[in-house]
Amino acid sequence: MRNFEEQLKMLVKSTEEILPLDEFKTKLKRAIDKNRSLVIKYGVDPTSPDLHIGHAVPLRKLRQFQDLGHKVILLIGDFTARVGDPSQKSATRPQLSEKEVALNAKTYTKQAFKILDEKSTIIDYNSRWFSKMNFEEVLELTANFTVARLLERDDFYKRYQKNIPIGLHEFLYPVMQGYDSVMLESDVELGGTDQKFNMLAGRNLQKIYGQEPQAVFTLPILEGIDGVQKMSKSLGNHISLTDEPKDMFGKTMSISDELMIKYFRLATVLPEEEIEAIEKGLRDKSLHPAEIKRRLAREIVSQYYDNKIAQAAEKEFDTVFKKKSLPSDLLEVKLATDLFTNGQIWIVRLIKHAGFAKTNGEAKRLVEQGGVRLNNKVIESADVDVTIDNGDILQVGKRRFAKFVCF
RNA sequence: GGGGGAGUACCCGAGUGGCCAAAGGGGGCAGACUGUAAAUCUGCUGGCGAUGCCUACGGAGGUUCGAAUCCUCCCUUCCCCA
């Protein structure tokens with residue numbers, strides 16, 4: 001195990017806040033002195049089964065703790081998921097069924113182990129205690145909080161101000177998350193900055209239950225590729241851990257120049273000194289932004305796949321977007337003969353069949369805007385019928401291609 | 001229990017009898033440009049093989065030649081009083 005100074009330096013890096021830092025130092029020092037490990041709690045809400053590189057930020061921090069010999073508990077909020085975390089939400093979330101939650105939890109852990117060390121990760125479920133709790137115990141627990149206290153929380157406050165409903169059960173979310181800490185007797189809890197309130201609730205409750213309160217690590221939230229909102233699947237601005245290399249690369253290339261440095265810090269493992277050098281290079285224009293973004297995209301892809309695959313993804317990107325030629329793996333679309341009349345098919349119908357438009361109107365618009373090519377020739381009018389041979393290629397926009405297979 | 005507001009497209013939000021498939025913004029999509037799926041600029045953004053028809057302003061009825069808009073009841077929600 002590394003010494004105190006080394007550990008501290010590593011752990012503090014790229015966190016937003018450590019609350020309170022002094023307490024954490026004391027805990028860490030004591031653990032090292034007594035040759036014990038700290039219990040690190042990380043709660044996950046198994047609502048969306050798809051992890052993205054934003055989730056990777058806390059996961060990597062957990063991995064650091066693991067590598068330093070601390071004990072990481074991945075707490076699946078299977079019970080709380082059925083409430084729905086109101087954090088950053090402007091409206092009540094739909095509640096999930098038991099079955100959905102179980103399935104999500106499974107895919108979640110599978111992806112999380114791309115980053116975490118599976119052998120030394122403890123997985124627990126908060127239904128273990130909540131499903132057995134009776135109403136009397138609930139009352140006892142909730143009596144530790146006041147409405148005013150809960151309303152201090154920004155999300156609740158905003159909703160309240162804007163006359164948006166707050167469900168009574170949502171009020172219970174921070175209480176429950178706090179109680180998780182009591183049950184796990186965690187020394188440290190980490191989460192995104194949006195989790196600050198919930199994690200602090202854990203400190204309160206631990207004190208009340210006679211435990212030493214946990215230290216709280218808040219980690220920065222990664223913006224989505226739109227650069228505005230936090231990365232989330234439901235907003236469609238995410239880079240998923242399971243994305244194909246070429247999509248991972250391409251999506252990274254679509255972030256704005258301003259966002260690059262933040263992505264370097266939060267989504268790659270490059271050392272801080274190197275990132276600072278890049279930052280400087282961009283500022284004095286000795287480095288070209290397009291080159292840097294490619295570097296970023298390569299770094300991200302090789303992290304979840306490997307170097308070679310990252311290079312291939314980059315090459316593919318050039319093929320499609322620089323040379324404007326065809327991607328190597330085309331989506332194959334089967335065309336049955338009964339789709340044709342007199343050997344021809346209406347272009348709008350063809351686009352719909354390839355899955356590039358949901359409605360005729362949408363397909364027509366694409367054609368009218370000059371976004372549709374058949375064998376690299378722009379289709380001028382939505383009113384035409386076309387003949388299709390085996391291997392003909394339909395392109396919609398810059399990056400959607402289909403190769404037809406007739407039978 | 002009493003009183004007063006609010007509910008509009010994917011989201012925010014304007015519209016208070018016809019000119020409304022509904023301003024504006026965001027998002028999304030497409031085009032141009034380029035250094036990339038950056039930035040910027042431009043266009044499109046309910047459905048239907050379509051100079052028309054259908055569906056749509058919380059829901060159900062009603063008034064009217066005509067309703068997002070007026071009336072009645074209901075639902076949801078917020079505020080004030082109790």
Side-chain angles (χ1 to χ4, degrees), chain A residues 88-92 151 156-168 170 223-239 243-264 281-282 285-298 300-301 313-324 327 339-342 344-353 355-373 378-386 394-401:
Chain A
Q88 304 275 302
K89 289 285 179 293
S90 48
T92 307
L151 265 180
F156 285 143
Y157 182 73
K158 280 191 187 133
R159 273 162 74 176
Y160 195 66
Q161 286 296 304
K162 287 180 79 180
N163 291 349
I164 297 165
I166 301 169
L168 190 54
E170 292 182 275
E223 281 103 344
I225 54 178
D226 58 357
V228 184
Q229 284 178 284
K230 103 178 208 192
M231 187 174 283
S232 109
K233 192 192 176 190
S234 55
L235 294 170
N237 62 0
H238 68 303
I239 301 177
D243 269 343
E244 294 286 314
K246 68 173 162 101
D247 287 329
M248 232 182 222
F249 194 95
K251 281 182 183 177
T252 306
M253 289 306 282
S254 83
I255 67 166
S256 71
D257 291 355
E258 292 71 49
L259 211 56
M260 284 196 291
I261 293 297
K262 187 150 192 194
Y263 268 57
F264 267 114
L282 283 174
K285 299 202 162 55
S286 63
L287 292 172
H288 197 292
E291 269 316 306
I292 294 304
K293 207 177 284 176
R294 302 170 83 91
R295 166 95 193 269
L296 174 66
R298 272 198 312 269
I300 289 175
V301 177
E314 180 172 19
K315 210 170 150 199
E316 182 77 8
F317 184 84
D318 285 343
T319 312
V320 179
F321 296 106
K322 278 199 135 168
K323 297 187 204 129
K324 300 207 191 299
L339 286 167
F340 295 87
T341 21
N342 301 326
Q344 295 203 306
I345 181 167
W346 185 30
I347 185 69
V348 167
R349 213 174 158 205
L350 186 71
I351 293 165
K352 260 173 48 178
H353 187 78
F356 295 152
K358 282 192 206 71
T359 61
N360 288 9
E362 200 181 330
K364 265 186 195 175
R365 247 176 273 132
L366 287 165
V367 175
E368 277 155 15
Q369 293 178 137
V372 177
R373 288 156 195 264
V378 177
I379 304 284
E380 307 283 351
S381 156
D383 220 21
V384 299
D385 289 354
V386 293
L394 179 74
Q395 179 182 1
V396 170
K398 287 191 181 67
R399 52 186 219 270
R400 285 178 291 174
F401 298 87

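Residue numbers start from 1 in every chain, and the chains themselves are labelled A, B, ... in the order their sequence lines are given, proteins ahead of strands. Worth saying up front: this structure is predicted, and the values here are computed from it rather than measured.
Between the base of B:G35 and the side chain of A:Asp257 there is a donor-acceptor pair shorter than 3.5 Å. For B:G31, its base never sits under 3.5 Å from the side chain of A:Gln369 at any donor and acceptor pair.
The partner of B:C57 cannot be assigned: no Watson-Crick or G-U wobble pair with both contacts below 3.5 Å exists in any strand. Using N1 to N3 plus N6-O4 or O6-N4 for Watson-Crick, or N1-O2 and O6-N3 for G-U wobble, each under 3.5 Å, B:A39 pairs with nothing. The partner of B:A9, taking Watson-Crick or G-U wobble pairs whose two distances both stay under 3.5 Å, does not exist in any strand shown.
Rounded to whole angstrom, the span from the CD atom of A:Gln229 across to the C1' atom of B:C10 amounts to 12 Å.
Taking side-chain N and O atoms only, A:Ser256 has no distance below 4.0 Å to OP1 or OP2 of B:A39. In this structure, A:Arg400 reaches the B:A30 phosphate: one of its side-chain N or O atoms is under 4.0 Å from OP1 or OP2. An OP1 or OP2 oxygen of B:A37 is reached within less than 4.0 angstrom by no side-chain nitrogen or oxygen of A:Lys293.
Look at A:Asp247 and A:Arg399 and you find no salt bridge, because none of the NZ, NE, NH1 or NH2 atoms lies under 4.0 Å from a carboxylate O.
Candidate nucleotides B:A37, B:C44, B:A38 were compared by shortest atom distance to the side chain of A:Ser254, and B:A37 ranks first. In this structure, the nucleotide among B:C44, B:A37, B:A38 sitting nearest to the side chain of A:Lys398 is B:A37. Here the nucleotide nearest the side chain of A:Leu366, chosen from B:A37, B:C29, B:C48, is B:C29. Which of B:C48, B:G31, B:C29 sits closest to the side chain of A:Lys352 comes down to B:C48. Here the side chain of A:Lys251 is nearest to one of B:A37, B:G35, B:C48, namely B:A37. Minimum atom distance to the side chain of A:Arg399 is reached by B:A37, of the listed B:A37, B:C48, B:G35. Nearest to the side-chain atoms of A:Lys364 among the listed nucleotides B:A50, B:G35, B:C29 stands B:A50.
The residue A:Leu259 sits apart from the nucleic acid: no heavy atom pair falls under 4.0 Å.
With sequence neighbours left out, the salt bridge (Lys or Arg N to Asp or Glu O under 4.0 Å) criterion links A:Glu223 to A:Lys262. Take A:Phe317 and apply the ring pair (Phe, Tyr, Trp, His ring centres under 6.0 Å) test, not counting sequence neighbours, and it matches A:Phe249, A:Phe321.
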